Amino acid sequence: MSSLLTRDEYQNLADSLPLPTNAVIDGKARAAQSAETFETINPATGQVIARIASCGQADVDFAVEKARLAFESGAWARAHPSERKRVLRRLVKLMERDAHELAVLETLESGKPIYDVETIDIPEALHCLEWHAEATDKLYGQTSPSGDDVVSMIVRQPLGVVACVLPWNFPILMLAWKIGPALATGNSVVVKPAEQTNMSTLRIAELAHEAGLPSGVLQVVTGPGEITGKALGMHPDIDMVAFTGSTDVGRKFLEYSARSNLKRIVLECGGKNPCIVLDDAENLDVVAQHVTQAVFWNMGENCSASSRLIVHEKIKDRLVEMVLHKLKEWPLGEPLDPGNRLGAIVSKEQFDRIIGYIKKGRTEGARIVTGGNAHKHGKGYFIEPTVFDDVTPEMTIAREEIFGPVLSVIKVANADEAVRVANDTQYGLAASIFTANLGQAHRIARDIRAGTVTINCYGEGDISTPFGGFKLSGFGGRDKSLHAHDQYTELKTIWADISDPRASRAVD
Ligand SMILES: NC(=O)C1=CN([C@@H]2O[C@H](COP(=O)(O)OP(=O)(O)OC[C@H]3O[C@@H](n4cnc5c(N)ncnc54)[C@H](OP(=O)(O)O)[C@@H]3O)[C@@H](O)[C@H]2O)C=CC1
Ligand SMILES: CCCCCC/C=C/C(=O)O
């Protein structure tokens, strides 16, 4: 991690940086063929930052054609794995070199606190790219026990052209989670960032070219989901879409696939994640720290945010008090100020959505113990961290993904009720459990229907662990770990008869 700059130094960078606004296709920055653009807005000020190329069908067709040509040339797909590793590691070095610039681009468009981008998002993204690069030349194939007269090899080959459709909440990190394994395994990739957050992705595509990635292997098409994203989903020459975003849009990609070429679809969607705290949990102060981090980090704009605190009635009031106390350590304000831990909500639309949920919580009878309002900070979109007590499992704020800084506290009488309430959701991405009884913790971990369960801590696990969800939280695969390599490759059996012709003559 590079050391942090001061607020003024970040502002100077923001004022002087060249802003990448064009799509990156075939190794070049390009305007859309239609010359159309759309606005990108700084959510901390409400001001337009720049206009970004709005790619249509013709741009997507061009990018896919170039990606296919690059794939078929073999310059990347058939390069020695150690060569792919070398280039990807060089990309990591260039991203490290330009980390402050990338952090500023990310913060300007997303409203994320620069402190988080510099200390979590970028280091995690670099580690992810490095890890997949390093894995590239260490993976072996398999043979099968098929008998003495045959040689059977089970190999993995790149799929071809992969589209990565990204969300706005962790632009750099989600890019790394997708392109790390996709490129390491030899695919050509076309990325579509979310409309709100394009610039860090565009800059990284330029750096990839500087690192020596052949033209056409990593391209970025910017534009609206219903046009650019749909064109990727429906394209007959794309082999896979890797998507992170809402379940509703995830469903659309399954439809696009069914209506086009049955391309592989991997979805990482939302969550309504439970955090269970039982009455024997040790060190409530540390638990409160985890609970606060788990829901309010990244302003709650996180698919793995623990937005439901399911807590034993005996300790509920004490724990809520402690969470309120911990919140004092989370200053909210100007995202470019590295002293702040909470920044702006990504857009006016998301701001209105969260405020709508807060209103609904009030009208359905939950009790606000802190927050509940927009936070006044210039013309930006800021919301106070909000805690609702007296939430019951059927309330809207306990059921729907809010994707904002809103915690719903639900009290329970015992562990069985906690598990019932935790599983009473259409989602199944993540869960955490706090208890001193490790046997009980493991029984609960087994019974919770979620892709990641953490015991006496909160987190998504490190890069070596898979990440993805059960139920409406995901479909078709996992991000991170070697399981991600599997989803970007096709399994092939090569089978050869090596029986000795002299032996069959002898039988004759
Ligand atoms: N699991 C997660 O990490 C995320 C979950 N969400 C959830 O989704 C809610 C809405 O957020 P939102 O930004 O609208 O997320 P979306 O699911 O709409 O967006 C995710 C990506 O899909 C693209 N997209 C949107 N519509 C289509 C379409 N019809 N065809 C193809 N691609 C499309 C988007 O492009 P474009 O930006 O141009 O619309 C974006 O790149 C959030 O409040 C949250 O609940 C959101 C983001 C991440
Ligand atoms: C440091 C790891 C952060 C992981 C965040 C995972 C979120 C994914 C998402 O919201 O899609």
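These figures come from a predicted structure and were not determined experimentally. Both ligands and their constituent atoms are indexed starting at 1 by order of listing. Numbers here simply count residues along the sequence, with the first being 1.
The nearest non-hydrogen atom to atom 3 (C) of ligand 2, considering only W297, F170, F467, comes from W297. Summarising the contacts of atom 42 (C) of ligand 1 with R353, E401, E195, the nearest heavy atom is found in R353. For atom 6 (N) of ligand 1, the choice among F403, Y427, F243 with the nearest heavy atom turns out to be F403.
With a 4.0 Å heavy-atom cut-off, ligand 2 is reached by the side chain of W177 but not by its N, CA, C or O.
Residue N169 places at least one N or O, backbone or side chain, under 3.5 Å from an N or O of ligand 2. For ligand 2, the polar-atom distance check finds no N/O of E124 at less than 3.5 Å from any of the ligand's N/O atoms. Taking distance alone, with nitrogen or oxygen atoms compared against 3.5 Å, T244 stays at or beyond that limit from ligand 1. Between C303 and ligand 2, an N or O atom pair is found at a separation short of 3.5 Å. For the pair G229 and ligand 1, the shortest N or O to N or O distance does not fall below 3.5 Å.
Residue contact check for ligand 1: G271 places no non-hydrogen atom closer than 4.0 Å to it. Remark: distances from the non-hydrogen atoms of C269 to ligand 1 include one below 4.0 Å.
Of the N and O atoms on the side chains of E334 and Y10, not one donor lies less than 3.5 Å from an acceptor on the other residue. No side-chain donor-acceptor contact under 3.5 Å links Q289 and D285.
Within a 4.0 Å radius of atom 38 (O) of ligand 1, the protein contributes one or more non-hydrogen atoms. Within 4.0 Å of atom 19 (O) of ligand 1, not a single protein heavy atom is present.
None of F351, Y427, Y357, W168 except one satisfies the ring-ring contact (aromatic ring centres under 6.0 Å, His included) rule with F403; the exception is W168.
Look at R68 and D239 and you find a salt bridge, because one of the NZ, NE, NH1 or NH2 atoms lies within 4.0 Å of a carboxylate O, short of that distance. A salt bridge is defined here as a Lys NZ or Arg NE, NH1 or NH2 lying under 4.0 Å from an Asp or Glu carboxylate O, and D424 with R399 meets this definition.
For atom 2 (C) of ligand 1, the closest non-hydrogen atom on the protein side is C303 CB, 3.7 Å. Closest to atom 21 (C) of ligand 1 among all protein heavy atoms lies L166 O, 3.5 Å. In terms of protein heavy-atom proximity, atom 48 (C) of ligand 1 is nearest to P167 CB, 3.3 Å.
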